[in-house]
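Report on one structure; see the data block that follows.
In what follows, chains are A, B, ... by sequence order, proteins preceding strands, each numbered from 1.
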Amino acid sequence: MPNMIFQRTSIRKYNEQTVKEEQIELLLKAAMSAPSARNIQPWEFITIQNKETLKKIADFSSSAHMLKEASLAIVVCANINKEIPAVKGKNYWIQDCSAATENILLEATELGLGSVWIGTFPKEEMVKPVSELLKLPENIIPFSIISIGYPEGDNKPKDKFDRTKIHCETW
Amino acid sequence: MTNMIFQRTSVRKYTDKQVTKEQIDLLMKAAMAAPSTKNVQPWDFVVIQKKETLLKITEIHNYSSMLKEAPLAIVVCGNKAKSSIEGIEEFWSQDCAAATENILLEATELGLGSVWLGVYPKNEVMKPLADLLMLPDYIIPFSIISLGYPKEEVQPKDKFNPQRIHYEKWSGTNL
């Protein structure tokens with residue numbers, strides 16, 4: 001039985017079943033287990049289940065249309081006030097929030113949920129309206145949105161393994 | 001609640017035991033199973049086992065002394081030839097971060113210890129590392145993962161903090 005890494009795939013269609021509170025907590029525990037540069041944990045999470053809010057975000061970008069059907073979205077945000085002075089401007093929070101996002105996708109797979117990563121930062125057409133809608137302060141940047149629900153239909157993971165991308169010792 | 005996500009932690013001390021070819025293959029498969037923007041898979045990987053190269057990296061990267069003991073390092077690279085598509089030019093680092101996290105998690109699953117060393121966007125590390133590994137100019141070294149069998153048991157930290165969770169909109173706390 002392949003583990004969650006190999007089972008994960010982008011799932012954009014969901015049935016009506018809602019995600020339980022205990023599942024949401026596990027998703028967020030997985031997110032906060034991610035590594036971060038110098039362990040600063042520069043993240044914040046907004047969970048959205050309100051259909052109206054999900055629909056509004058779906059209308060911001062064609063890449064977010066699946067939120068109309070989703071029972072849950074998690075917005076992974078970066079708190080840029082947590083950036084330590086020595087690495088200011090390096091934006092390590094992008095990497096930390098990416099790892100947290102990937103952990104949510106994998107834990108969702110483990111829980112039998114379908115999910116897809118909607119790229120948000122640095123797309124102007126997403127960052128601005130999402131910040132306004134969720135009333136984010138200036139130091140909180142919406143980094144990614146994860147659309148989540150119980151999968152509708154059969155979704156097989158793609159085999160993307162490509163040996164030519166592995167280089168031994170040097171390029 | 002003990003899957004690889006919750007077991008992973010940074011491991012910096014290793015035994016002499018070698019990582020097998022099959023394990024390296026699984027780590028690479030896990031990396032390439034990561035999601036990427038528009039599925040462009042903008043990554044390449046350099047697998048390093050030569051002691052001499054590992055030691056040279058410790059002279060380039062300030063926080064990489066664990067590579068003196070590590071039997072294996074994987075350098076995750078971004079491939080600009082794949083990511084230079086209008087509208088997604090800036091997403092390759094997110095894709096490479098997801099691939100890096102997958103390697104750390106698969107390592108945990110395999111009983112290996114690992115730690116993520118940040119490379120991008122530190123020019124003073126990227127340049128000498130690209131030279132050492134003879135990377136072409138469209139290949140950007142993104143991260144180094146140090147790997148080996150853990151010398152001692154390392155407990156994962158519990159980093160769960162409910163204050164970081166906000167319902168429906170920003171809750172106005174924790175600034």
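Under the 4.0 Å criterion applied to side-chain N and carboxylate O atoms, B:D25 and A:R163 are assigned as salt-bridge partners. The pair A:D59-A:K55 counts as a salt bridge, with a side-chain nitrogen and a carboxylate oxygen less than 4.0 angstrom apart. Between A:D162 and A:K160 there is no salt bridge, since no side-chain nitrogen of the basic residue lies less than 4.0 Å from a carboxylate oxygen of the acidic one.
In this structure, chain B has no heavy atom under 4.5 Å from any part of A:S131. Heavy atoms closer than 4.5 Å to chain A are found in the side chain of B:K157, but not in its backbone. B:K82 touches chain A through its side chain: at least one heavy atom from C-beta onward sits under 4.5 Å away, while N, CA, C and O do not. Only the side chain of B:L104 comes within contact range of chain A, with heavy atoms under 4.5 Å apart. Proximity to chain A (any heavy atom under 4.5 Å) is restricted, for B:I139, to the side chain, taken from C-beta onward. With a 4.5 angstrom heavy-atom cutoff, B:T37 does not touch chain A via any of its atoms. In this structure, the portion of B:N39 lying under 4.5 Å from any heavy atom of chain A is its side chain and not its backbone. Contacts of B:Y120 with chain A are made by both backbone and side-chain atoms, with heavy-atom separations under 4.5 Å. Contacts between B:E109 and chain A at a heavy-atom distance below 4.5 Å involve the side chain alone, from C-beta outward.
Counting heavy-atom pairs closer than 4.5 Å to chain B, the top residue among A:I166, A:L134, A:I48, A:I46 is A:I46. Counting heavy-atom pairs closer than 4.5 Å to chain A, the top residue among B:M134, B:Q94, B:E106 is B:Q94. Counting heavy-atom pairs closer than 4.5 Å to chain A, the top-ranked of the candidates B:Q41, B:E168, B:K169 is B:E168. No other option in B:V46, B:T9, B:I24 has as many heavy-atom pairs under 4.5 Å with chain A as B:V46. Chain A forms the most heavy-atom pairs under 4.5 Å with one residue out of B:Q49, B:R8, B:K122, and that residue is B:R8. The candidate with the highest count of non-hydrogen atom pairs below 4.5 Å against chain A, out of B:P162, B:P156, B:A97, is B:A97. Of the listed residues (A:S63, A:G119, A:S33), the greatest number of heavy-atom pairs within a distance under 4.5 Å of chain B belongs to A:S33. For the options B:A33, B:P35, B:P121, B:G118, heavy-atom pairs under 4.5 Å to chain A are most numerous at B:P35. Top candidate by heavy-atom pairs under 4.5 Å with chain B, chosen from A:C168, A:S98, A:P35, A:A99, is A:P35. Chain B forms more heavy-atom pairs under 4.5 Å with one residue of A:K158, A:Q49, A:E25 than with any other, namely A:Q49. For the set A:K90, A:R8, A:K135, the count of heavy-atom pairs under 4.5 angstrom toward chain B peaks at A:R8. Per-residue counts of heavy-atom pairs under 4.5 Å with chain B were compared for A:G89, A:A73, A:A34, A:S10; the largest is that of A:A34.
B:R164 places a side-chain N or O within 3.5 Å of a backbone atom of A:Q41 that can act as its donor or acceptor partner. A distance-only check finds a donor-acceptor pair linking the side chain of A:N103 to the backbone of A:A30 [under 3.5 Å]. A donor-acceptor contact shorter than 3.5 Å is absent between the side chain of B:D44 and the backbone of A:H167. When atom types are taken as modelled, the side chain of B:K151 and the backbone of B:D16 share no donor-acceptor pair closer than 3.5 angstrom. Under a 3.5 Å cut-off, the side chain of B:T20 and the backbone N or O of B:Q18 do not form any donor-acceptor pair.
At a threshold of 4.5 Å between side-chain heavy atoms, the hydrophobic network of Ile, Leu, Val, Met, Phe, Trp and Tyr places B:Y63 and A:Y92 in two separate groups.
Side-chain atoms of A:Q95 and B:W116, non-hydrogen and from C-beta on, do get closer than 4.5 Å to each other.
B:K29 forms a cation-pi arrangement with A:F161, by the criterion of a distance under 6.0 Å to the ring centre and an angle within 45° of the ring axis. Taking the ring centre of B:F160 as origin, the terminal cationic atom of A:K29 falls inside the region bounded by 6.0 Å and 45° from the ring axis.
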Residue pair A:W117, B:F91: steps toward the ring-ring contact (aromatic ring centres under 6.0 Å, His included) verdict: CA-CA 12 Å; A:W117 177 338; B:F91 280 96; 8.7 Å; no

